[in-house]
Amino acid sequence: MASSRVIKVLPDAESVHGAAAERFLAAAREAVELRGRFMVALSGGSTPRDLYRRLAESPYRDQVPWARTYVLFGDERCVGPDDPRSNYRMAMDTLLHRVPVPVEQILRVTGEATDPARAAAAYEAELRGLFAAEGSARFDLVLLGVGTDGHTASLFPGSGALEETSRWVAASFVPKLGSWRVTLTLPALNAARRVLFLVTGEPKARVFAEAFGSAPHPSPHPCELVAPTDGLVEVLADRAAASRVPRDAGGP
Ligand code: 6PG
């Protein structure tokens with residue numbers, strides 16, 4: 001039972017998305033071969049858009065075992081599925097409308113619910129049903145981004161959801177955004193077989209250096225707390241995001 005972390009710096013965002021697509025395909029093929037299904041949690045935000053578009057095109061559209069893939073979400077904004085802010089809508093528009101994942105294998109968070117806590121509990125119940133045999137949220141792959149404040153999924157600094165030790169899904173009010181989110185918790189994220197962080201662009205340089213490059217900072221960022229008990233964490237970054245990491249510490 002061990003967690004390991006690999007950090008890879010690539011020339012640019014396009015090469016990050018290319019490497020991520022290859023890892024997505026490899027994880028999907030391995031999961032289907034070994035366990036008959038591929039359980040993946042998608043990230044929201046803007047970084048993964050181009051990865052999702054690439055997965056919707058050849059060769060990945062034809063090579064990923066979409067019929068055996070179950071698509072879940074690492075977090076969701078508390079908005080409806082057609083809202084432009086919805087992570088579900090972003091994934092549908094860039095990927096899921098364009099590949100043959102059975103609709104019943106796409107499980108969205110009901111962000112439109114008037115009670116975010118009930119939406120979180122309902123999502124957790126679905127997850128626990130899907131992972132009943134494993135007894136934990138044993139995703140084959142969890143895609144995650146990193147905010148400039150070090151948040152990941154919707155686990156923001158200072159959030160009570162960071163303290164959750166048993167529930168897999170939590171509702172969290174984000175003061176800086178003035179809005180509610182539903183998010184996988186650390187017990188869920190840290191049950192994964194594989195976590196893949198995508199971090200691109202100069203605006204992420206400070207948080208990348210702190211979270212992944214050992215630059216001093218007062219307290220761990222939420223993204224640093226993602227360390228699966230028996231899984232691999234891989235961080236794919238472009239040179240711009242890694243630009244504040246000294247070369248002898250793995251910087252570009
Ligand atoms: C969300 C994401 C969030 C995202 C980071 C980075 O719902 O917004 O799940 O955790 O990954 O905020 O966002 P960008 O990729 O847009 O920088």
Side-chain angles (χ1 to χ4, degrees), residues 10 12-14 16-17 19-20 24 40-55 71-81 83-96 107-112 116 119-120 123 137 139 141-159 161-162 168-186 188-190 192 195-212 221-226 233-238 240-243:
L10 297 167
D12 50 34
E14 186 175 352
V16 166
H17 296 131
F24 187 102
V40 60
L42 299 184
S43 170
S46 56
T47 302
R49 285 173 178 269
D50 286 344
L51 164 61
Y52 299 163
R53 291 188 182 104
R54 191 179 287 240
L55 290 171
V71 175
L72 297 107
F73 292 84
D75 68 326
E76 185 56 277
R77 291 84 180 279
C78 287
V79 294
D83 189 298
R85 295 164 292 175
S86 165
N87 289 337
Y88 166 82
R89 174 172 170 181
M90 184 271 283
M92 291 300 293
D93 290 349
T94 54
L95 174 59
L96 300 174
L107 291 92
R108 72 176 184 90
V109 178
T110 51
E112 68 276 21
Y123 204 59
F139 283 98
L141 178 64
V142 175
L143 295 176
L144 291 174
V146 177
T148 54
D149 61 0
H151 81 263
T152 193
S154 284
L155 297 171
F156 284 78
S159 163
L162 280 169
W168 295 5
V169 186
S172 174
F173 182 75
V174 185
K176 69 187 278 190
L177 301 176
S179 60
W180 283 88
R181 297 280 189 95
V182 172
T183 184
L184 293 187
T185 60
L186 290 173
L189 295 173
N190 287 336
V195 171
L196 185 58
F197 281 103
L198 305 185
V199 191
T200 60
E202 198 284 331
K204 304 291 176 76
R206 178 190 57 76
V207 71
F208 181 89
E210 293 177 351
F212 304 118
H221 292 293
C223 61
E224 294 179 77
L225 303 178
V226 177
V233 175
E234 188 170 16
V235 183
L236 295 179
D238 65 1
S243 57

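In each ligand, atom 1 is the first atom listed, and ligand 1 is the first ligand listed. Every heavy atom of this structure was used, including side-chain atoms; hydrogens, water molecules and symmetry mates were not.
Residue contact check: Asn87 has heavy atoms under 4.0 Å from atoms 1 (C), 7 (O) of ligand 1. The distance from ligand 1 to the heavy atoms of Gly145 drops below 4.0 Å at these ligand atoms: 11 (O). The Arg181 neighbourhood of ligand 1 comprises atoms 1 (C), 7 (O), with distances under 4.0 Å to a heavy atom of that residue.
Protein heavy atom nearest atom 17 (O) of ligand 1, with residue, atom name and distance: Lys204 NZ, 2.7 Å. Scanning the protein heavy atoms around atom 12 (O) of ligand 1, the nearest turns out to be His151 NE2, 2.7 Å. Among all protein heavy atoms, the one lying closest to atom 15 (O) of ligand 1 is Thr47 OG1, 2.6 Å. Scanning the protein for heavy atoms near atom 6 (C) of ligand 1, the closest one is Val146 O, 3.6 Å. For atom 8 (O) of ligand 1, the closest non-hydrogen atom of the protein is Arg77 NH2, 2.7 Å. If you check which protein heavy atom lies closest to atom 13 (O) of ligand 1, you get Gly45 CA, 4.1 Å.
By the criterion of a heavy-atom distance under 4.0 Å, neither the backbone nor the side chain of Glu76 is placed next to ligand 1. Neither the backbone nor the side chain of Leu144 has any atom closer than 4.0 Å to an atom of ligand 1 (non-hydrogen atoms only). Here Asp75 has side-chain heavy atoms under 4.0 Å from ligand 1, and that is the only part of it that gets that close.
Within the 4.0 Å heavy-atom shell around ligand 1 one finds Ala153.
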Candidate pair Thr183 and Ser172, rule side-chain hydrogen bond (donor to acceptor under 3.5 Å, both in side chains), full reasoning:
CA-CA 7 Å; Thr183 184; Ser172 174; over 6 Å; no

Please step through side-chain contact (heavy atoms from CB on, under 4.5 Å) for the pair Tyr123 and Leu107, ending with a clear verdict.
CA-CA 8 Å; Tyr123 204 59; Leu107 291 92; 4.2 Å; yes

Between Val182 and Cys78, does the side-chain contact (heavy atoms from CB on, under 4.5 Å) criterion hold? Intermediate values first, please.
CA-CA 7 Å; Val182 172; Cys78 287; 4.0 Å; yes

The test is side-chain contact (heavy atoms from CB on, under 4.5 Å); show your working for Thr148 and Lys204 and say whether it passes.
CA-CA 6 Å; Thr148 54; Lys204 304 291 176 76; 4.1 Å; yes

Start with the C-alpha gap between Glu112 and Glu76, add the side-chain angles, then the distance that decides, and say whether side-chain contact (heavy atoms from CB on, under 4.5 Å) holds.
CA-CA 10 Å; Glu112 68 276 21; Glu76 185 56 277; over 6 Å; no

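Considering Val233, Thr152, Val235 as possible partners of Val195, the one that fulfils the side-chain contact (heavy atoms from CB on, under 4.5 Å) test is Val233. If you run side-chain contact (heavy atoms from CB on, under 4.5 Å) between Leu155 and each of Leu144, Asp75, Leu189, Val226, only Leu189 comes through.
A parallel orientation is assigned to the rings of Phe156 and His151, their planes being inclined by less than 30° (bins at 30° and 60°).
When the side-chain contact (heavy atoms from CB on, under 4.5 Å) test is applied to Ser43, the partners found at least two apart in sequence or on another chain are Pro48, Tyr52, Leu143.
Every N/O-N/O distance between Thr152 and ligand 1 stays at or above 3.5 Å.
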